[in-house]
Amino acid sequence: MRSKRWFWNPVWQKRCAMALLVLGHLFWVFLGKHLFPMWRGLTTFFVRPVETISAKLENWRFERARRINDIDAAQHEMDALRSELAELRIERQKDSVLLAEADAAKNLLGLKKLLPIEMRTARVIANNRNAPFGGIVIDLGKNDGLVADQGVICADGVVGRIWSVGLSQSIVLPLDAHNASTSVMLAKSRATGVLQGFRPGLARILYISSQEAVQQGEPVYTSGLDNTFPRGMLIGYVVEASPSPGAFEMDILVALASPLDTLNLLFVLPGSTSLEFDTRLEPPQSASRRGAR
Amino acid sequence: MNPRSTATTKMALLASFCLSSLYILAPWPGPQAVVHVFIVLGLAPELRTYLNCALLAAIAGWILELSLRTYSGMGGTPTANMLCALLLWYSLYISPPERNFGYYIQLVLTVILHTFITYFLVNIAAGPHVMGYGWQWSLALLPLWGPLAWHFYKPPHMR
């Protein structure tokens, strides 16, 4: 007990405080330079997790803000693209009619260059060929020099012939009409017959002997015997050929090549008196104009 | 009133005033050095207890270094202050001067020693630096602050 009081009395307290004060200062002066980096490293070590977490949090907030900005920008861009796409679709719908017409005109121009005869271009005004006593109305008539029985073709094949003529308009009788008749020939056998309308887009060939060999898919051309169409113009393709039971003729069904439902521009061939062929074909011998109808 | 407590109160007030002046005089290094030396060598050794002496000297050193704000590593000045103040305190303790002349001689020698110790410790703590003219100001103005220190050193019955 006495030893404790001997050491821990006010005198020794002062001495200890004095020693701490002086030695502390000396320690700081001589070793402070080395302690400072250690202290800084220690604080850095303990602060690092907090800094890492705060940096991640800050990065997360920044990324989120950037994402939101990106989404907004993308949304605006998508809206702009949608509106632009809608405008383009409307323009394409507007231009599609012109494009189709341009394609048809281009085909017709090519056909006109191929055929060495004088043809007139006509535009389809109305197409009511499926109606009773209907036909295809074109914008040429008597004033333009048209007469009945002039042939009408398009870029894909034969369409029909002029049935009735008005002053400025005419009605075309298509090939698939029941009362339409055209002299045709088969491509391989060169057998000739008469094409008669059967159903929309289809026609029959009459007067082909059952002895002829007819194949499906065989092209059918105009024979030129009716003096309405020159020889060798495409009519269509054979889709069915079978001998008629109890008869000497074949029953041949032809799919017409020309798209009769979507016609726009047509060519009107010259009349029978104007048909002069540079293809060295024989002149028509017999005209079955009204009889073939 | 006890003359000793009166002297202690006066000394405490004077020490507070000088510490404030030490901080305020930072833009003028010469007068600041004089006040600083007066606190360390003129007032601190007269506090009678070595702990108070060392504390006052250390506080004066820290205030000086903090007020200058140019030290890259601090602690040199307060350490030098404590060592010199304690040395002077011990010197006055073992051989108290009878007359003011001996006291002034001790002050001059301690000022020079304080200059070199401060330069040495600051050099260790903060690196190479310029010594400056503060010690010359202190020696030149010793006739002003020396008698004031002698006045507080004398026993109350001699004042």
Side-chain angles (χ1 to χ4, degrees), chain A residues 1-70, chain B residues 36 39-41 44-45 47-66 68-93 110 113-129:
Chain A
M1 194 70 184
R2 286 186 64 186
S3 62
K4 278 188 180 177
R5 288 186 61 87
W6 171 83
F7 178 75
W8 197 243
N9 52 33
V11 176
W12 274 99
Q13 287 174 5
K14 283 182 184 177
R15 287 176 183 171
C16 288
M18 188 68 226
L20 276 176
L21 193 63
V22 175
L23 291 177
H25 274 81
L26 287 173
F27 181 78
W28 178 255
V29 169
F30 284 96
L31 299 177
K33 279 184 181 177
H34 307 289
L35 286 177
F36 184 69
M38 291 170 60
W39 173 254
R40 192 168 55 185
L42 198 65
T43 54
T44 305
F45 175 75
F46 283 111
V47 164
R48 189 171 297 162
V50 180
E51 282 183 346
T52 306
I53 291 171
S54 63
K56 285 186 186 257
L57 185 65
E58 193 65 25
N59 283 337
W60 175 74
R61 290 178 61 190
F62 177 74
E63 285 293 326
R64 191 184 62 172
R66 192 176 63 79
R67 260 203 312 272
I68 289 172
N69 289 335
D70 289 350
Chain B
H36 176 238
I39 296 172
V40 174
L41 303 179
L47 288 177
R48 308 298 176 187
T49 63
Y50 53 84
L51 186 58
N52 292 340
C53 168
L55 277 174
L56 182 59
I59 289 170
W62 282 112
I63 288 177
L64 178 75
E65 288 196 346
L66 291 172
L68 291 178
R69 300 178 185 176
T70 55
Y71 289 75
S72 56
M74 294 190 292
T77 306
T79 309
N81 285 0
M82 279 193 299
L83 293 176
C84 291
L86 287 173
L87 185 67
L88 183 60
W89 179 90
Y90 185 69
S91 172
L92 295 175
Y93 176 73
T110 316
L113 183 67
H114 176 257
T115 302
F116 284 104
I117 289 178
T118 304
Y119 182 80
F120 172 70
L121 290 178
V122 172
N123 200 27
I124 290 173
H129 65 286

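Note that the coordinates shown come from a computational prediction; the quantities given were computed from them, not determined experimentally. Letters A, B, ... are given to chains in the order of the sequence lines, protein chains preceding strands, and every chain is numbered from 1.
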Chain A interface, residue from Gly73(B), Gly75(B), Gly61(B) that has the most non-hydrogen pairs under 4.5 Å = Gly75(B)
task = For the pair Leu121(B) and His25(A), evaluate side chain to side chain contact (heavy atoms under 4.5 Å, CB included) and give the outcome as yes or no after the intermediate values.
result = CA-CA 10 Å; Leu121(B) 290 178; His25(A) 274 81; over 6 Å; no
ask   = Short question: side chain of Trp28(A), backbone of Met74(B) - any donor-acceptor pair under 3.5 Å?
value = yes
message = Against Val29(A), only a single residue in Thr79(B), Val122(B), Asn123(B) fulfils side-chain contact (heavy atoms from CB on, under 4.5 Å); can you say which?
response =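 Single pass found, and it is Thr79(B).
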inquiry  = Does any backbone or side-chain atom of Leu55(B) lie under 4.5 Å from a heavy atom of chain A? Answer side chain, backbone, both or neither.
reply    =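 Backbone plus side chain of Leu55(B), per the 4.5 Å heavy-atom cut-off to chain A.
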